[in-house]
Number of protein chains: 6
Amino acid sequence: MAQRGYRTGILDLTQGEMGTRGSVEERAREAAEAEKMLCVSWRQALDIPDGRVENTWENRLKVARVMRQRRPRVVILPYWKGRHPDHYTASVLGYEACYLAGLAKLDIDGNVARAPSPADLAGAASEPLRAGRSQDSRRDAGATRPAPHRPFKIIYATLYYDVRPTFVVDITEQFETRFQALMAYKSQFSDQEAGKGIFPAQAEIRSRVEALARFYGTLGGVTYAEPFLQKEVGLVEDLTLLPVKSI
Amino acid sequence: MAQRGYRTGILDLTQGEMGTRGSVEERAREAAEAEKMLCVSWRQALDIPDGRVENTWENRLKVARVMRQRRPRVVILPYWKGRHPDHYTASVLGYEACYLAGLAKLDIDGNVARAPSPADLAGAASEPLRAGRSQDSRRDAGATRPAPHRPFKIIYATLYYDVRPTFVVDITEQFETRFQALMAYKSQFSDQEAGKGIFPAQAEIRSRVEALARFYGTLGGVTYAEPFLQKEVGLVEDLTLLPVKSI
Amino acid sequence: MAQRGYRTGILDLTQGEMGTRGSVEERAREAAEAEKMLCVSWRQALDIPDGRVENTWENRLKVARVMRQRRPRVVILPYWKGRHPDHYTASVLGYEACYLAGLAKLDIDGNVARAPSPADLAGAASEPLRAGRSQDSRRDAGATRPAPHRPFKIIYATLYYDVRPTFVVDITEQFETRFQALMAYKSQFSDQEAGKGIFPAQAEIRSRVEALARFYGTLGGVTYAEPFLQKEVGLVEDLTLLPVKSI
Amino acid sequence: MAQRGYRTGILDLTQGEMGTRGSVEERAREAAEAEKMLCVSWRQALDIPDGRVENTWENRLKVARVMRQRRPRVVILPYWKGRHPDHYTASVLGYEACYLAGLAKLDIDGNVARAPSPADLAGAASEPLRAGRSQDSRRDAGATRPAPHRPFKIIYATLYYDVRPTFVVDITEQFETRFQALMAYKSQFSDQEAGKGIFPAQAEIRSRVEALARFYGTLGGVTYAEPFLQKEVGLVEDLTLLPVKSI
Amino acid sequence: MAQRGYRTGILDLTQGEMGTRGSVEERAREAAEAEKMLCVSWRQALDIPDGRVENTWENRLKVARVMRQRRPRVVILPYWKGRHPDHYTASVLGYEACYLAGLAKLDIDGNVARAPSPADLAGAASEPLRAGRSQDSRRDAGATRPAPHRPFKIIYATLYYDVRPTFVVDITEQFETRFQALMAYKSQFSDQEAGKGIFPAQAEIRSRVEALARFYGTLGGVTYAEPFLQKEVGLVEDLTLLPVKSI
Amino acid sequence: MAQRGYRTGILDLTQGEMGTRGSVEERAREAAEAEKMLCVSWRQALDIPDGRVENTWENRLKVARVMRQRRPRVVILPYWKGRHPDHYTASVLGYEACYLAGLAKLDIDGNVARAPSPADLAGAASEPLRAGRSQDSRRDAGATRPAPHRPFKIIYATLYYDVRPTFVVDITEQFETRFQALMAYKSQFSDQEAGKGIFPAQAEIRSRVEALARFYGTLGGVTYAEPFLQKEVGLVEDLTLLPVKSI
């Protein structure tokens, strides 16, 4: 999406402090490096405790505030089932925050404590909510409060989940960069003592990542792809442009 | 699709001779009238017995032959479940015929009796398999046999079935004409004695047809729509172009 | 149900203060007007914040208290999935409140602050939980606490949700009044500036409401119907009385 | 249903000649005995080969003919999935025969050989299609052909299949007789050498039959019940009469 | 599992104080008796309020603490849907506690108040989370804190829920003892005035328990069985050892 | 399975004569080569026409005859949905043949023409039904007819289908040989002119095959795996031996 000229961004809900491997500082540095590779326009981390992402009013307001500031047209959330409680909770939390962000009568700033300062946020990384281009530019320049905003489209990333996607996106051109961005998280993916029983050896990772991308690529008739789910039915204009061979 | 400039066609599997209402001649006349309204490039009826559409080798060859002649890129089949056995059988029969039509080594003409002459086919109508534009033009000019052909895409029309569609197609602009084309089947839809207990009164039909189209329109965020199902996962290029509001 | 002589009621969880359109006072007035049209025996609004319906212990007790006072045999909840977080949360909250209301050892009044006074409650409206006739009349006359009570049946209204209902209820006779009751919410449904991009034009509403009711009517073989879901399997006494034609 | 005063009947598609145990004569005798216990108004066996029930035109006509003669309002078919091919094929065959039986223009008698004589049919038994009371009495008295007829309702018996039923029917009062009717099939259920590895010992059968009936009884809040599936959504008139406790 | 020589245990989340029948003391006594019959190595009750099992951080820590102390390889949770809110909430709470228990950086003891003393815990009973043998023995001997621990396998008991199990476990040998252990809860299962409308008569219970066990036994080709669900796909080594006949 | 010492075999339903690439002779030669690599005890091809596998009585008898001769305990069929009609039809055909093979009263040889001679069968290959070790050895030595036989277990290979498997089988050790056996079908997998638009370039195949095997390996916690589906619920003896980590 960035290559197509859209503004993209990543919202990390936590700072990853509970990870078996890596310190907050390390992960922030790694996230910043990945951010550059992925050409995202912005990346920001909230201060929700890692391992304790809860769908509370306060957390919903924190995320809704970012929605109003960043004004994405498309929001990508994690799928609503999964292995890691933070991930599936982030899915519901993210959805409900999008809802709140659009309530014209909701005064978010009167309700939450000061948002984290830019310094706090620089590059921290985990449980990302990825956001597409801004829909409009009514956002405040400094003093004024951002207007209500609701994304047009919310989709769910199902890459690590055992569910049939609604559609896949061709990432053949981006696969290599995407893999390097993943490898930027050295604390997570380099061979080391901590978590040896839980984490795959580095040599394994490349083949796994490739296998997953190829598997979803096969479903869409391309080489590498990433899977997504949407709740709405589709709307098709021209049947002859429908991709993916049936027979 | 016709309005977009594509060649479209309708293949009727039977001639409707078992219908409680209407003779074969009446139905053929009505189908011809509907054909004109729908601006299809061709309409053709096979001689499979009405009420006895079976997925036999002979029937598959009959349909496969038309596939090779017409060379559609997109084929619309009825959904594979339903109330009328002819309809759901037509779904499997149509699918398998598409498969056969692509087998390079299958000599269809050596296997079936003479195909129906153009005169026989003019406008007969029932259990239609609708087909999109031709994919290429390798088809024979008279003497030579049409080359193998397999449609790129097969989708399923679910309008009268109780199933969630994969996508809907906006027919707001076409709704009125489509309704008139339906009404062209006077033997089926005008008030009369035969089948009074089975057929809705004419006054009812307009509201039902409209309600169904509006219902599916609502799912897709448009006024009137028609629902379809595809077996494949989708392939999306630009997330910001995804239609249908999520929230 | 009111026309059949049952006592019916509506429990609004919130007072609708977060709605883009309409003030709390307006909505209360509108709800009172709709209440009259629908011939409900009672309508009551809790003070749960609009846009922030949460399944907390306090909220469960608030609803459970009403269950003990009103003693419904049937409770209609919103479906447990949906677009609006308040709606799907109300579904779980309502279910769990029904459970609590039946716990003989639970002293609800010792647990919550004073219930809202009748004056506070008059006619406020939003996120309604509709309740059927009272099952018995053991409820207190003034001083004494209402006895534990659990509804016999809990069903889910799925009208605006994309799910196959278990059954529909014929509302052909009630359709017109029901539509007028909807229109009583002038702040929501009259054409106006606020929320113009979100709300359909008034001219649209009638056709949409009608289309939905007709769609579900078609499923049940009647003109207009409303869809519901129940979790339990059914229990049928006489197979010849089963409605809805199969073929 | 017989106890409620309805005419009931059983249509056996085959004569059970392929059963590991029992001869055709034995099974016919046993079926006649069971018939008496179940108080059915009629029982009839077709001559479709056992182990080879196929959904052919001829077989559909054979069953459709009986539909026109017996004119049931409700038809109970086996569930459309299962272990025994004859059973699941009977499900589709039965459904399509019901469809054919209603086609006004279909002259069944011109299409099939002489129907089996009453003598042939007396009591033969296997793969039964059970049919409810006749819907009307337009059927022929001897010479004239029975008029077209389509049952109003088709439901599916799921007792031995691993699927959630739509509803159960209370058989607490009938359980004992029903069990005795099952035991009437001595060739199948008495301890013997043939098929020892396949058939449960007689001592086992009572507990199994009881466990299944109780299991489905539990779902419906009664002691013993039998499970059924219907494809249509339900239609409910009075919500307070909905059986089966929710909570 | 105990008979096979494994250490087994039961974790009761609450002390059952909200039950319509029985006091906390009675239920604790009954649980202790059942514990002996079931030969479990340990049984422990937390102090989460009965009727108010909530998936809070505090409750997750309470359960996670037990996971670290007991170190089970297999954890059996209630199914995640059901009639009783405490049961389905226990399912999510238990899962997330297992997750937390494995976080190397989580200092549970710094986060919760003192755990309940052994005296408090003796035999209390309700909403049990059953746990299999300990996976290893790194647990503390007195003073030191138990190391992080995550169970290898989490499965879900679906006995009272309307869902198809992934697998069943043969309990034919254990059925009688298991039933006696159930009967040990005299306050719940003996005939009495309290809750007469809600609880089945004692005479009923035996047949119901047996019917359920037999029903699931039938699915697995054994006499009595208990059903379980797992989220993961299976992994099979030798196809000839696959149990349960297909045909 | 062969490496574990079991007798394994492959039954090809057709001789692949309709394949866009390769002649019958080539494919027979290739199948023989693959057979050797896979160490199967036997491989046999029926004479069912390629592209026209139909579930007829004659075809069922042909397969049932092989079941009686080979007497497998486990039969692997293709999944019952799919892209190629021959594949999904083979699934039903194979299942029903297994059923027939067990009917004690069915005299297969009186019903079919002479079975294909060993010479005809040598090594032909396509639409394989793979069969596990023989269950017993009652089969005839030459003159006598093989006794009835029904496999204990029927499972479905879902490798190329879009469905969640019940379980996977670790093929890490066998992956390389399996790939070589696939490559033995040179007519299908070497780069060539015929079918260039339909077949992937040879360079692609290795990565695809590997990606699929790795994807299913990931689900089962191993490197390479193959997916299968079974209709029955499982039966587990020892919960601590359940493979595949849950969390």
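So that the names make sense, note that chain A is the first sequence line, chain B the second, and so on, each numbered from 1. Just so it is clear, the model here is predicted, and its values are computed rather than measured.
- A salt bridge does not link Glu232(F) with Lys245(E): none of the charged nitrogens is closer than 4.0 Å to a carboxylate oxygen.
- The candidate from Pro227(F), Gly220(F), Pro243(F) with the greatest count of non-hydrogen atom pairs under 4.5 Å with chain E is Pro243(F).
- Nearest heavy atom pair, residue Leu235(E) against residue Asp170(F), reads CD1-N, 4.1 Å.
- Contact of the Leu242(F) side chain with the Gln230(E) side chain is registered, since non-hydrogen atoms from C-beta on lie closer than 4.5 Å.
- Residue Tyr95(E) touches chain F through both its backbone and its side chain, counting heavy-atom pairs closer than 4.5 Å.
- Interface summary for chain E: among Tyr216(F), Tyr99(F), Phe228(F), the most heavy-atom pairs under 4.5 angstrom belong to Tyr99(F).
- For chain E, the option among Thr166(F), Ile154(F), Val168(F) with the highest count of heavy-atom pairs below 4.5 Å is Val168(F).
- Within a 6.0 Å radius of NZ in Lys105(F), other residues, nucleotides and ligands contribute more than 12 heavy atoms.
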Q) For Lys153(F) and Val244(E), what are the C-alpha separation, side-chain angles and deciding distance, and is it a side chain to side chain contact (heavy atoms under 4.5 Å, CB included)? A) CA-CA 8 Å; Lys153(F) 201 75 191 174; Val244(E) 185; 3.8 Å; yes

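- Going from atom CZ of Arg7(F) over to atom OG1 of Thr240(E) covers 13.5 Å, rounded to the nearest 0.5 Å.
- Separation of atoms CG (Asp238(F)) and CZ (Arg4(E)) is listed at 5.0 Å; rounding is to 0.5 Å.
- Contact annotation: the side chain of Leu239(F) never approaches that of Tyr6(E) to less than 4.5 Å [non-hydrogen atoms, C-beta and beyond].
- Phe167(E) has its side chain out of reach of Val233(F): every pair of non-hydrogen atoms, C-beta onward, lies at least 4.5 Å apart.
- By the neighbour-count criterion of 12 heavy atoms within 6.0 Å, atom CD of Glu173(F) is sparsely surrounded, having that number or fewer from other residues, nucleotides or ligands.
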